[in-house]
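Here's the structure, in structure tokens; my notes come after.
Counting starts at 1 for both ligands and their atoms, in listed order.
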Amino acid sequence: MQFKAPRGTTDILPEERPYWRLLESTAERIAENFGYLRIDTPIFEDTGLFVKGVGDSTDIVEKETYTFKDRGGDSLTLRPEGTAPVCRSYLENGMNNLPQPVRLYYLVPNFRYERPQSGRYRAFHQFGVEVFGEVKPYVDAEVIEISWQFLSELGLNDLSLTLNSIGDKKCRPGYIDQLNEYYHLREKDICEDCSRRLANNPLRLLDCKVETCQPIIEGAPSSIEHLCPDCESHWEDLKSHISDIGIPFEIDNRLVRGLDYYSRTVYEIAPPIEGRTSVITGGGRYDGLIEQLGGPMTPGIGFGMGLERVIENLKRNQIKAEQNERDIVMVAHIGDDALRKATTLASQIRRHGGAAMVGPSRGLRSQLRYATSVGASHAVIIGDDEISTGAYKLRNLRKSDQSEATAEEILAFFSSSKD
Ligand code: HAM
């Protein structure tokens with residue numbers, strides 16, 4: 001039997017690495033340019049953190065978590081999203097006692113037991129940020145700007161930003177009542193999922209993709225029309241900040257997002273392709289979450305961005321990530337004495353900061369073919385003649401020229417890695 005990667009997971013093969021290197025370095029640079037510091041949390045957490053933090057009526061907690069008992073009997077869950085763990089760490093490490101706001105970013109793998117399809121995986125990666133301790137909407141705009149700048153710098157210029165405000169704990173209950181009333185009058189016309197959600201999470205009905213529910217969603221009351229004065233001014237200021245930064249946006253009253261913790265601002269960035277699995281970035285404000293996890297009242301906002309989806313969009317736009325073009329030499333050897341010289345030379349080059357590997361134990365032609373296939377920039381050739389004269393052959397595989405050099409000259413050449 002041959003094993004395969006589990007359903008919904010993929011290997012990141014060496015040829016894909018340039019994309020990942022590009023995404024990770026761009027994310028780190030941009031987040032740090034905005035003053036964000038990197039945080040890494042464990043791959044698994046207490047199951048209760050997600051039940052409480054993400055919400056037990058969300059799809060994620062209802063049916064998508066990888067939950068297991070460890071050998072000590074504790075229930076643990078593989079991280080399905082980054083926000084709840086970062087909140088847990090913020091509280092556990094007393095970051096609420098630091099000068100606020102605290103600005104954090106992460107690049108992490110997540111796990112959700114979803115139905116795999118293009119753009120939707122069971123193991124995927126997110127670039128995300130979270131900001132704690134600032135209620136003013138300039139920080140909402142800042143978070144949106146980070147995600148927008150990241151995608152723009154990568155060359156994704158055909159994306160759209162969609163915004164909504166779903167109010168806060170003061171005004172949302174009134175809005176939910178209205179929504180309930182509206183939907184109860186139409187209960188016989190809505191899909192099964194919507195009927196089920198009506199009881200515990202009516203906001204999510206606005207998010208339904210079933211065809212027959214669309215006209216009902218069209219006519220549903222909108223959250224923006226039910227904002228209290230504080231949420232209203234937050235919403236107006238947010239729109240002004242985003243306009244000031246110069247990011248185009250659309251308002252979508254049906255955008256509610258699939259997680260329970262949001263309040264006020266919610267947003268998504270998506271390419272011009274229909275469907276939930278195409279959304280690249282999702283984020284929003286979660287002013288009650290820290291309190292819900294046992295901390296003091298602390299506002300929070302952030303986003304999560306699926307890196308696999310970013311790469312798919314780069315490919316869709318035929319944007320390539322540059323290969324790493326740095327010099328790496330392969331030291332080829334003919335005979336046992338030459339092999340010893342080769343391993344010593346390669347080791348010295350590496351200790352002087354250069355990059356070197358030893359050729360495989362095969363004939364010279366085969367070693368040189370190998371050098372090309374693994375992307376070596378140069379080959380050094382050592383045989384009996386070269387050992388007796390002390391003049392090794394140095395071949396530039398990118399330019400196909402060859403010269404002679406002593407071991408010392410080769411060491412000096414690759415230590416400073418010039419060409
Ligand atoms: P989310 O909408 O669940 O939000 O995920 C954010 C992004 O992660 C999605 O837009 C998508 O790009 C990617 N993503 C989610 N699920 C999958 C999947 N199964 N396969 C591939 N990519 C996926 C959150 O996770 C929130 N924690 C975002 C947030 C941070 N809100 C505030 N702070």
I want to know if ligand 1 touches Val279 in the polar sense, i.e. an N/O pair below 3.5 angstrom. yes

Going from CG on Asp207 to CG on Leu255, what distance comes out if it is rounded to the nearest 0.5 angstrom? 7.5 Å

Among protein heavy atoms, which sits nearest to atom 21 (C) of ligand 1, and what does the distance come to when rounded to 0.1 Å? Gly119 O, 3.3 Å

Listing request: all side chain to side chain donor-acceptor pair (under 3.5 Å) pairs with a residue in residues 4-24, at least two apart in sequence or in separate chains. Glu16-Lys315

Test of proximity, Tyr262 against ligand 1: N or O pairs below 3.5 Å: yes

Ranking Gln126, Arg309, Glu268 by closest non-hydrogen atom to atom 5 (O) of ligand 1, top hit is Gln126

Just checking, Arg186 and Tyr182: is the charged tip under 6.0 Å from the six-membered ring centre and within 45° of the axis? yes

Between CD of Glu32 and CG of Leu37, what distance do you get to the nearest 0.5 Å? 7.5 Å

Using a 6.0 Å distance limit plus a 45 degree cone around the ring axis, check whether Arg38 lies over the aromatic ring of Tyr106. no

May I ask you to identify, for Tyr113, whether its side chain, its backbone, both or neither come under 4.0 Å of ligand 1 on a heavy-atom basis? neither

Counting only heavy atoms, which portion of Phe303 has something under 4.0 Å from ligand 1: side chain, backbone, both, or neither? backbone

Taking heavy atoms and a distance under 4.0 Å, where does Arg122 meet ligand 1: side chain, backbone, both or neither? neither

Aromatic plane relationship, Tyr175 with His226 - under 30° parallel, 30 to 60° tilted, over 60° perpendicular: tilted

Considering heavy atoms of the protein only, find what lies nearest to atom 27 (N) of ligand 1 and give residue, atom and distance to 0.1 Å. Glu81 OE1, 2.5 Å

Kindly check if the number of other-residue, nucleotide or ligand heavy atoms within 6.0 Å of NZ (Lys209) is above 12? yes

Test of understanding: given a 4.0 Å heavy-atom threshold, classify the contact between Phe124 and ligand 1 as side chain, backbone, both, or neither. side chain

Nearest protein heavy atom with distance in Å, relative to atom 12 (O) of ligand 1: Ile280 O, 2.8 Å

Could you say whether the N/O atoms of Gly306 and ligand 1 ever approach to under 3.5 Å? yes

Taking atom 33 (N) of ligand 1 as the reference point, the nearest protein heavy atom with its distance: Glu130 OE1, 2.9 Å

For a 4.5 angstrom cut-off between non-hydrogen side-chain atoms, does Ile251 reach Thr162? no

Polar contact flag for Thr83 and ligand 1 (N/O pairs, less than 3.5 Å): yes

Write out the residue and atom name of the closest protein heavy atom to atom 1 (P) of ligand 1, then the distance separating them to 0.1 Å. Arg257 NH2, 3.6 Å

Could you pull out the closest heavy-atom pair between Arg257 and Glu268, with the gap in Å? NH1-OE2, 3.1 Å

Tyr286 ring center near Tyr261 ring center (under 6.0 Å): yes

What protein heavy atom lies closest to atom 20 (N) of ligand 1? Include the residue and the distance to one decimal. Tyr121 N, 3.0 Å

Please say whether Arg120 places an N or O atom under 3.5 Å from an N or O atom belonging to ligand 1. no

Judging by distance only, is a nitrogen or oxygen of Ile301 under 3.5 angstrom from one on ligand 1? no

Is Glu114 touching ligand 1 with its side chain, its backbone, both, or neither, if touching means heavy atoms under 4.0 Å apart? side chain

Aromatic centroids of Phe303 and Phe127 separated by under 6.0 Å: yes

Name the closest protein heavy atom to atom 32 (C) of ligand 1, giving the residue it belongs to and the distance to 0.1 Å. Gly302 O, 3.2 Å

